[in-house]
K.L.:
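Sending over a structure as structure tokens; questions will come in a sec.
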Amino acid sequence: MDDKKYINLIKSTNIADYSDIKGIIIIKPYGYSIWENIKNIFNKILIKNNYNNLYFPLLISKKLFELENKKLNIIPKECAIVTHSKFKINYNNKLIIDKKSKLNQELIIRPTSETIVWYTFKKWIESYRNLPIKINQWCNVVRLEMRTKFFIRNSEFLWQEGHSAHSSKNEALLEVKKVKLMYKKLLKNYLCIPFISGYKTRKETFPGAKFTYTFETITKEKGKSIQLATIHYLSNNFSKVFNVKYTNEIGKKVYTWGISWGISTRLIGAIIMIHNDKKGLILPPKIAPIQVIIIPLINNYILKKRIFFIKNILIKSNISVEIDNNFNITPGKKFYKYDNMGIPIKLIIGINELKNNTVELIRRDTFKKYYLDINNNIYIKILKILSNIHKRMYIFAKIEMKRKTYFVKSFKNFKKKINRNYGFYSAYWYKDSNNESNIQSITKSTIRCITSKSKKQHKCFYSNKFTNIKIILGKSY
RNA sequence: CGGGGUGUAGCGUAGCCUGGAUAAUCGCGCCUGGUUUGGGACCAGGAGAUCAUAAGUUCAAAUCUUAUCACCCCGACCA
């Protein structure tokens, strides 16, 4: 999918629109319900894993950022900074900042919330009995990026950020494992997104973290990489910054351990880029705002009753269903519209179906037609088809990702190949940040993650030194 | 933030190089009436544009010049 198609698809499906500020978008109802569905699903996963939702403030004081900067060397580079509180009108009748209203201290619109979270943890944590603390918030964050793209890189985006504090290193590391499973479940079982996962190189790791674990996928046609989710193992970096110590079982004061992790509305971008065809978007059934659209072909009282009958059956089975009763538009046009929107199932009823007590069903993914007997528990068949669509979407996306995953032994070979085809390139690599920078500047691609360590030693594809580290390279958005 | 491109009705566009007369082409969409409705219907009529913004050149600017803003593409930055 080229970029123009991507933008047109988002606009024509009413998922989102531009605002008047660069990189800041309006998420329209159809797009927002996709996000709400993701939220609802993930909230259930969060509850199961003993996380509580809460809310931290949008504005963070510069004072706290300074603490962080001193110890961890985190310099917020693309933040929006609030400096004044008033406007006045000048001689041209234009609004200008009232310089008298300059704030005593600059406020920063959160680019992420570790700062305020750990400032707060300091107040909450005294004893080992207070631990672990496991919290999550759904909010917006602002990062004024130079180059933006719908959902993939916005200046403001919605996300989920999980934070936890633990009494031991092992417990924190165990939590990383748990979150990995949470994300794997969401991506595979709900969003039909295949991925590779692994550790970021030091260069790509969040500055406040000991390591960053990442989930990456590639887009359908282009094969560009998209980061889907991240988990940062913070070790006790932040607890040292904010002096978050607790008294342990033997009365000693020790630092706490932490992790933080997030997924954002970028997932919507990933879904669009992965699940589409010539006719438009194909939404994974479990997050589709409308799973079944019923299209009556004639405006008729008996048919109307029949449709409500079907709708009620489906609603009872928790299938989200809508009826298109607009007879000013011809059926063909409706079919194209709903195909473009990616609605998994269309149910069509006309004279023939009414006579035969059937309904015609068309799958969005394969366009295969089924005729269902309406007196024979149609919801069972529909649930089954929804689940088949899900499975097929995941498998196809996975095959596509595998097809675009190559193994390279030499840098020469890699350079040649990535120029022709983007994708995932796996290789053995000897850890060296200078080499990493060279690889990036020569090929315009980055090390997406370190996927595994083999038992045997292999030659590094770049330096020929022996190594057991296997990486995935790719060109990212 | 550097390089390139674009900005004309709700959307997509023609016109711009080579300035011209009532200031604007075509398609989609929208409104009214009628016939239609099984994979993008048709006929008739209608509404809708300070040509991104600002300044300049000129008798005359959508068209030329400059600045600003936004968007797109390619870099650097980044979830």
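Each chain gets a letter, A, B and so on, in the order the sequences are listed, and its residues count up from 1.
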K.L.:
For residues A/I38 and A/N40, determine if any side-chain heavy atom of one lies less than 4.5 Å from a side-chain heavy atom of the other.
P.N.:
no

K.L.:
Give A/N352 one of three labels, base, sugar-phosphate or nothing, depending on what nucleic acid heavy atoms sit under 4.0 Å from its own.
P.N.:
base

K.L.:
With the side chain of A/K279 defined as its heavy atoms from C-beta on, choose the nearest nucleotide among B/G39, B/G38, B/C1.
P.N.:
B/G39

K.L.:
Less than 4.0 Å between a side-chain N and a carboxylate O, is that true for A/R364 and A/D277?
P.N.:
yes

K.L.:
In terms of the nearest nucleotide of RNA chain B, which residue is placed more toward the 5' end: A/F150 or A/I329?
P.N.:
A/I329

K.L.:
Rounded to the nearest angstrom, tell me the gap between atom NZ in A/K346 and atom P in B/G40.
P.N.:
13 Å

K.L.:
Does A/Y336 lie flat on the base of B/G40, that is, centres under 5.5 Å apart and planes under 30° off?
P.N.:
yes

K.L.:
For the P atoms, the ones on B/A61 and on B/A24, what distance do you get once it is rounded to whole angstrom?
P.N.:
15 Å

K.L.:
More than 12 heavy atoms of other residues, nucleotides or ligands under 6.0 Å from NZ of A/K39: yes or no?
P.N.:
yes

K.L.:
What does A/K203 touch in the nucleic acid at a heavy-atom separation under 4.0 angstrom: a base, only the sugar-phosphate, or nothing?
P.N.:
nothing

K.L.:
With the side chain of A/D339 defined as its heavy atoms from C-beta on, choose the nearest nucleotide among B/G38, B/G75, B/G39.
P.N.:
B/G39

K.L.:
Should A/K369 and A/E360 count as an ion pair when the cut-off is N to O under 4.0 Å?
P.N.:
yes

K.L.:
Determine the interatomic distance between P on B/G46 and the same-named atom on B/U25; round to the nearest Å.
P.N.:
14 Å

K.L.:
Can you tell me the pairing partner of B/U6 across any strand shown, Watson-Crick or G-U wobble, with both distances under 3.5 angstrom?
P.N.:
B/A70

K.L.:
With both distances under 3.5 Å as the test, what is the Watson-Crick or G-U wobble partner of B/U25?
P.N.:
none

K.L.:
Base, sugar-phosphate, or nothing: which does A/I362 touch, judged by heavy atoms less than 4.0 Å apart?
P.N.:
base

K.L.:
With rounding to the closest Å, how many angstrom separate the C1' atoms on B/G10 and B/U57?
P.N.:
35 Å

K.L.:
Is there a side-chain contact between A/Q440 and the phosphate of B/G75, meaning an N or O under 4.0 Å from OP1 or OP2?
P.N.:
no

K.L.:
Assign A/G269 to base, sugar-phosphate, or nothing according to its heavy-atom contacts below 4.0 angstrom with the strands shown.
P.N.:
nothing

K.L.:
So does A/K70 pair up with A/E66, basic N to acidic O under 4.0 Å?
P.N.:
no

K.L.:
Verify the contact: side-chain N or O of A/R147 to OP1 or OP2 of B/G75, cut-off strictly under 4.0 Å; return yes or no.
P.N.:
yes

K.L.:
For A/E145, answer base if it contacts any base atom (sugar-phosphate contacts may also be present), sugar-phosphate if it contacts only those atoms, and nothing otherwise; contact means non-hydrogen atoms under 4.0 Å.
P.N.:
base

K.L.:
When you get a sec, tell me which of B/C72, B/G75, B/G38 is the closest nucleotide to the side chain of A/Y18?
P.N.:
B/C72

K.L.:
Please determine, for B/C1, whether a Watson-Crick or G-U wobble partner exists with both distances under 3.5 Å, and give it or none.
P.N.:
B/G75

K.L.:
Give a yes/no answer on whether the side chain of A/T330 brings an N or O atom under 4.0 Å of OP1 or OP2 in B/A41.
P.N.:
yes

K.L.:
For A/K200, answer base if it contacts any base atom (sugar-phosphate contacts may also be present), sugar-phosphate if it contacts only those atoms, and nothing otherwise; contact means non-hydrogen atoms under 4.0 Å.
P.N.:
nothing

K.L.:
So, are A/E78 and A/R143 salt-bridged, with charged N and O less than 4.0 Å apart?
P.N.:
no

K.L.:
Considering only atom C1', compute the distance from B/G7 to B/G12 and round it to an integer number of Å.
P.N.:
13 Å

K.L.:
Would you mind reporting whether A/I374 and A/F309 have side-chain heavy atoms less than 4.5 Å apart?
P.N.:
yes

K.L.:
Answer with base, sugar-phosphate or nothing: what part of the nucleic acid does A/I351 contact at a heavy-atom distance below 4.0 Å?
P.N.:
base

K.L.:
Applying ring pair (Phe, Tyr, Trp, His ring centres under 6.0 Å), can you list everything that pairs with A/Y6, at least two apart in sequence or on another chain?
P.N.:
none

K.L.:
In the structure shown, which nucleotide is the Watson-Crick or G-U wobble counterpart of B/G45, with both distances under 3.5 Å?
P.N.:
B/C31

K.L.:
With a 4.0 Å cutoff (strictly under), does any side-chain N or O of A/Y477 reach OP1 or OP2 of B/A79?
P.N.:
no

K.L.:
Using whole Å, report how far CD1 of A/I298 lies from P of B/U37.
P.N.:
11 Å

K.L.:
Among B/C72, B/C77, B/G39, which nucleotide sits nearest the side chain of A/I7?
P.N.:
B/C72

K.L.:
Would you kindly give the CZ-to-P distance between A/F367 and B/G39, to the nearest whole Å?
P.N.:
14 Å

K.L.:
Of the options B/G39, B/C72, B/G75, whose atoms approach the side-chain atoms of A/K444 most closely?
P.N.:
B/G75

K.L.:
Does A/K333 place a side-chain N or O at less than 4.0 Å from the phosphate oxygens OP1/OP2 of B/G29?
P.N.:
yes

K.L.:
Return whichever of A/N154 or A/T148 has its heavy-atom-nearest nucleotide of RNA chain B closer to the 5' end.
P.N.:
A/T148

K.L.:
In whole angstrom, what separates A/K334's NZ from B/U37's C1'?
P.N.:
9 Å

K.L.:
Which base, if any, makes a Watson-Crick or G-U wobble pair with B/G20, both distances under 3.5 Å?
P.N.:
B/C59

K.L.:
When all nucleic acid strands are considered with a 4.0 Å heavy-atom cut-off, which category describes A/S264: base, sugar-phosphate, or nothing?
P.N.:
base

K.L.:
Rounded to whole angstroms, how far apart are CD1 on A/I226 and P on B/A79?
P.N.:
15 Å

K.L.:
Is there a Watson-Crick or G-U wobble partner for B/U13 with both distances under 3.5 Å, and which nucleotide is it?
P.N.:
none

K.L.:
Quick one: label A/G262 by what it contacts on the DNA or RNA (base, sugar-phosphate, nothing), any heavy atom closer than 4.0 Å.
P.N.:
nothing

K.L.:
Using the C1' atoms only, state how far B/A62 lies from B/C51, rounded to an integer number of Å.
P.N.:
4 Å

K.L.:
Give me the distance, rounded to whole Å, that separates B/U36 from B/A41 when you measure between the C1' atoms they each carry.
P.N.:
7 Å

K.L.:
State whether A/K11 places a side-chain N or O below 4.0 Å from either non-bridging phosphate oxygen (OP1 or OP2) of B/G10.
P.N.:
no

K.L.:
Indicate yes or no: does A/E175 engage A/K134 in a salt bridge with an N to O separation below 4.0 Å.
P.N.:
yes

K.L.:
For a quick check of understanding: with a heavy-atom distance under 4.0 Å over all strands, which category does A/K149 fall into, base, sugar-phosphate or nothing?
P.N.:
sugar-phosphate

K.L.:
Could you work out the separation of B/C1 and B/A67 based on their P atoms and round it to a whole Å?
P.N.:
16 Å

K.L.:
Expressed in whole Å, how much space separates the P atoms belonging to B/U18 and B/U65?
P.N.:
10 Å

K.L.:
Using a 5.5 Å cut-off between ring centres and planes within 30 degrees, is A/F157 stacked on the base of B/A79?
P.N.:
yes

